[in-house]
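The next block holds one structure in the form of structure tokens; read it before the comments.
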Amino acid sequence: MQSERVVVIGSGPAGAMAARELVRGGLPVTMLESGTASPRGLLVRAGGRNVFRRGVEAETHDDDYVATGNPSTDWCYHLAPGGLTNQWTGAVPRFAPQDFHEGERLDERYVWPVTYDELAPFYDDAESLLQITGGAQDVPGLPGGRVDHTRRVPADWQNVRRAAAARGQGFAPMPYADGPRWLIARRGTAFNSFTRIVRPLAASGRFELRTGAHAVSIEWSGAQRRVVGVLYHDRARDHIERIPATAVVVACGALNSTKLLFGSACPDFPDGLGNTEGLLGQYLHDHPREWWTFETETPLSRLAPASYLTRRPYDESAPLLASSWTVGNASAHDKVLSFTPLKAGAFGVQVFGTMIPTPKGYVRPSPVRQDEFGAPQLEICIDFDGETITNMVEAREHFLSLMEEAGHRCRLNPVVPQLTPGRAVHYGGTARMHRRRDHGVLDEWNRPFDIPNLVVSDSSCFTTNTEKNPTLTLMALSARAARRLAHDLKDT
Ligand SMILES: Cc1cc2nc3c(=O)[nH]c(=O)nc-3n(C[C@H](O)[C@H](O)[C@H](O)COP(=O)(O)OP(=O)(O)OC[C@H]3O[C@@H](n4cnc5c(N)ncnc54)[C@H](O)[C@@H]3O)c2cc1C
């Protein structure tokens with residue numbers, strides 16, 4: 001029956017995982033996706049390497065938001081089936097067990113209401129879809145996951161691995177969602193949540209997809225104390241439609257989900273749906289991201305896939321301050337040469353740092369500007385503070401001293417300043433999970449405290465900002481929340 005359908009909003013990795021879990025749980029699902037056609041690209045993989053890749057550029061939306069913190073703040077999203085997995089790189093490290101509770105050293109606010117062990121089966125499941133190439137072993141700060149194609153750090157980098165281990169860090173191939181060893185696909189990335197997860201759901205007979213369906217508000221029934229439907233703009237008919245729902249999963253990407261909750265304000269929730277404590281939009285965080293190159297005195301093997309130097313030990317780091325280093329090619333030219341046995345004298349490093357989320361970073365509806373559907377645009381207020389920036393500078397020094405300790409003297413090339421919020425495309429935290437309602441918007445099952453049939457399942461739910469790429473973790477959290485929702489709906 002139409003009224004018994006769960007409505008999932010968004011077909012990125014968060015929405016895809018939720019829809020898959022609900023369908024597997026026997027529930028009928030309708031997915032609303034704002035985008036219309038899947039972007040095209042071309043990917044050719046041979047022998048486990050990408051030999052040709054033509055993707056679609058990620059979109060930044062300079063006119064779609066108001067930046068009131070750092071004026072250069074970016075916001076990149078893609079209203080298309082598959083969301084940002086049309087562009088992503090596919091690095092999928094797991095969070096480590098400590099990542100979920102290390103923030104307690106600073107404050108109770110920074111403790112996740114979910115543990116690594118609770119999430120582990122959902123990591124396994126997501127990894128089985130991602131078809132990962134990487135290292136399969138546990139290393140400090142990075143649990144080994146389910147890997148389809150195992151890689152090792154080259155022999156002449158083993159000293160770096162040993163030097164890292166002596167400092168309590170891991171140095172291992174980065175896990176990438178690189179797909180099968182041989183592939184020709186008309187898309188820009190090996191893993192795309194739409195083609196890999198959403199499209200196959202159609203075969204179940206319980207799944208319906210509506211594209212060009214941009215959700216504008218979620219309908220709350222004060223009498224039933226539940227959400228009961230979604231209003232969406234049907235792009236083809238240029239018309240507002242209503243779809244009834246027995247439950248709703250919001251998975252629009254962190255900031256678009258938060259925007260939708262603000263846009264669903266009603267008399268019972270005048271400050272945004274589920275926003276009982278005024279925390280919606282607050283605790284915004286992103287990864288400070290920096291890319292630089294260094295030169296080695298003696299050439300070393302090229303790293304393909306890139307290798308990952310994990311964070312410094314928790315007990316040697318200030319709470320919630322960490323960095324990760326992904327070491328790969330220094331240039332496009334080096335990428336081509338990585339198909340040969342020739343060694344390299346220069347390498348590129350991408351560093352993700354962390355920032356401590358606080359209410360000073362936030363999004364909220366702008367009182368002055370509207371989007372194409374007449375809803376308030378988002379005001380985005382975020383900047384990186386002194387300790388966040390110092391942490392990034394120290395990350396350069398730490399890496400070079402570790403290389404020297406491993407017997408490879410290196411020279412850092414000039415670093416172009418790039419610490420602009422939004423550049424990492426890893427926003428999170430604006431509908432944070434917490435065990436206590438005075439510290440969070442969502443409970444441990446990704447639901448607003450007073451709304452039993454609404455799930456918010458993307459990285460807006462993140463309680464803290466770890467130094468690891470977020471997508472694998474948001475996929476696992478989304479599947480976990482959806483499984484619980486399916487269980488609860490069947491019980492009612
Ligand atoms: C160049 C690039 C490289 C990246 N590399 C990595 C990486 O290596 N590792 C990693 O972990 N992450 C990476 N990311 C980030 C990663 O892509 C995101 O973390 C991930 O896609 C987020 O998934 P999501 O489902 O929450 O949101 P999205 O992927 O943004 O999907 C949101 C979906 O919701 C839809 N939508 C939005 N609003 C509405 C609405 N109102 N109504 C209906 N539908 C709506 C959108 O069309 C979209 O389909 C990268 C991103 C970019 C741009």
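Side chains included, hydrogens not; waters and symmetry mates left out as well; all remaining heavy atoms used. Just follow the structure's listing: the first ligand is 1, and inside any ligand the first atom is 1.
Set against the non-hydrogen atoms of Gly83, the atoms of ligand 1 under 4.0 Å away are 29 (O), 31 (O), 48 (C), 49 (O). Close approach to Gly253 involves these atoms of ligand 1, each under 4.0 Å from a residue heavy atom: 26 (O), 27 (O), 32 (C). In summary, the atoms of ligand 1 found under 4.0 Å from a heavy atom of Ala14, numbered by their order in the structure, are 25 (O), 26 (O). Using a 4.0 Å cut-off to heavy atoms of Ala251, the atoms of ligand 1 that qualify are 32 (C), 33 (C), 34 (O). Interface of Gly10 with ligand 1, defined as ligand atoms under 4.0 Å from a residue heavy atom, comprises 33 (C), 34 (O), 35 (C). Listed by number with element, the atoms of ligand 1 under 4.0 angstrom from any heavy atom of Asp458 are 26 (O).
At a 4.0 Å heavy-atom cut-off, ligand 1 does not touch Ala254 at all. Proximity of Ser459 to ligand 1, defined as any heavy-atom pair under 4.0 Å, is not found for any part of the residue. With a 4.0 Å cut-off on non-hydrogen atoms, His78 touches ligand 1 through its backbone and not its side chain. Contact annotation: for Leu32 versus ligand 1, heavy atoms closer than 4.0 Å belong to the backbone alone.
In Arg49, the CZ atom is crowded: over 12 heavy atoms of neighbouring residues, nucleotides or ligands sit closer than 6.0 Å. At most 12 non-hydrogen atoms from other residues, nucleotides or ligands lie less than 6.0 angstrom from CD of Gln137. Heavy-atom contacts from other residues, nucleotides or ligands closer than 6.0 Å to CZ of Arg242 number more than 12.
At least one heavy atom of Ala213 sits under 4.0 Å from some atom of ligand 1. For the ligand labelled ligand 1, residue His426 lies inside the 4.0 Å heavy-atom shell.
At least one N or O atom of Glu33 sits closer than 3.5 Å to an N or O atom of ligand 1. Between Gly90 and ligand 1, an N or O atom pair is found at a separation short of 3.5 Å. Looking at ligand 1, you won't find any N or O of Ile9 less than 3.5 Å from one of its N or O atoms. Considering backbone and side-chain atoms alike, Pro81 places every N or O at 3.5 Å or more from each N or O of ligand 1. Checked by distance only, ligand 1 and Leu472 stay at 3.5 Å or farther apart across all their nitrogen or oxygen atoms. In terms of N/O distances under 3.5 Å, ligand 1 is approached by Leu84. Checking only distances, Gly35 never comes within under 3.5 Å of ligand 1, N or O to N or O. Taking only nitrogen or oxygen atoms, main chain and side chain alike, Ala91 reaches within less than 3.5 Å of ligand 1. In terms of polar-atom proximity, defined here as any N/O pair under 3.5 Å, Thr471 does make such a contact with ligand 1.
Taking 4.0 Å as the cut-off between side-chain N and carboxylate O, Asp124 and Arg146 do not count as a salt-bridged pair.
Among pairs with a residue in residues 368-382, those fulfilling salt bridge (Lys or Arg N to Asp or Glu O under 4.0 Å) read Arg235-Glu372, Lys259-Asp371, Arg364-Glu379, at least two apart in sequence or across chains. Residues in residues 125-134 take part in these salt bridge (Lys or Arg N to Asp or Glu O under 4.0 Å) pairs, two or more places apart or across chains: Arg20-Asp125, Arg24-Asp125, Arg94-Glu127.
Defined by atom type and a distance below 3.5 Å, a donor-acceptor pair is missing between the side-chain atoms of Thr466 and Asp99. Thr30 and Glu208 are linked by a side-chain donor-acceptor pair at a separation below 3.5 angstrom, with hydrogens and angles left out of the test.
Annotation for Ser457 and Val249: closest pair OG-CG1, 3.8 Å, computed over non-hydrogen atoms. Across all their heavy atoms, Gly179 and Ala190 have their closest contact at N-CB, 3.9 Å.
Classification of the Phe373-His233 ring pair by plane angle, with boundaries at 30° and 60°, yields tilted. Note on ring orientation: taking the six-membered ring where Trp is involved, the planes of Phe100 and Phe95 are tilted (angle from 30° to 60°). Using bins of under 30°, 30° to 60° and over 60° for the plane-to-plane angle, the ring pair Tyr116/Tyr123 lands in the tilted bin.
Comparing Trp88, Tyr427, Tyr176, Phe194 against atom 2 (C) of ligand 1, the shortest heavy-atom distance belongs to Trp88. Nearest-residue assignment for atom 43 (C) of ligand 1 (options Ser11, Cys252, Ser34, Ala375; heavy-atom criterion): Ser34.
In this structure the side chain of Phe122 reaches within 4.5 angstrom of the side chain of Arg483, judged on heavy atoms.
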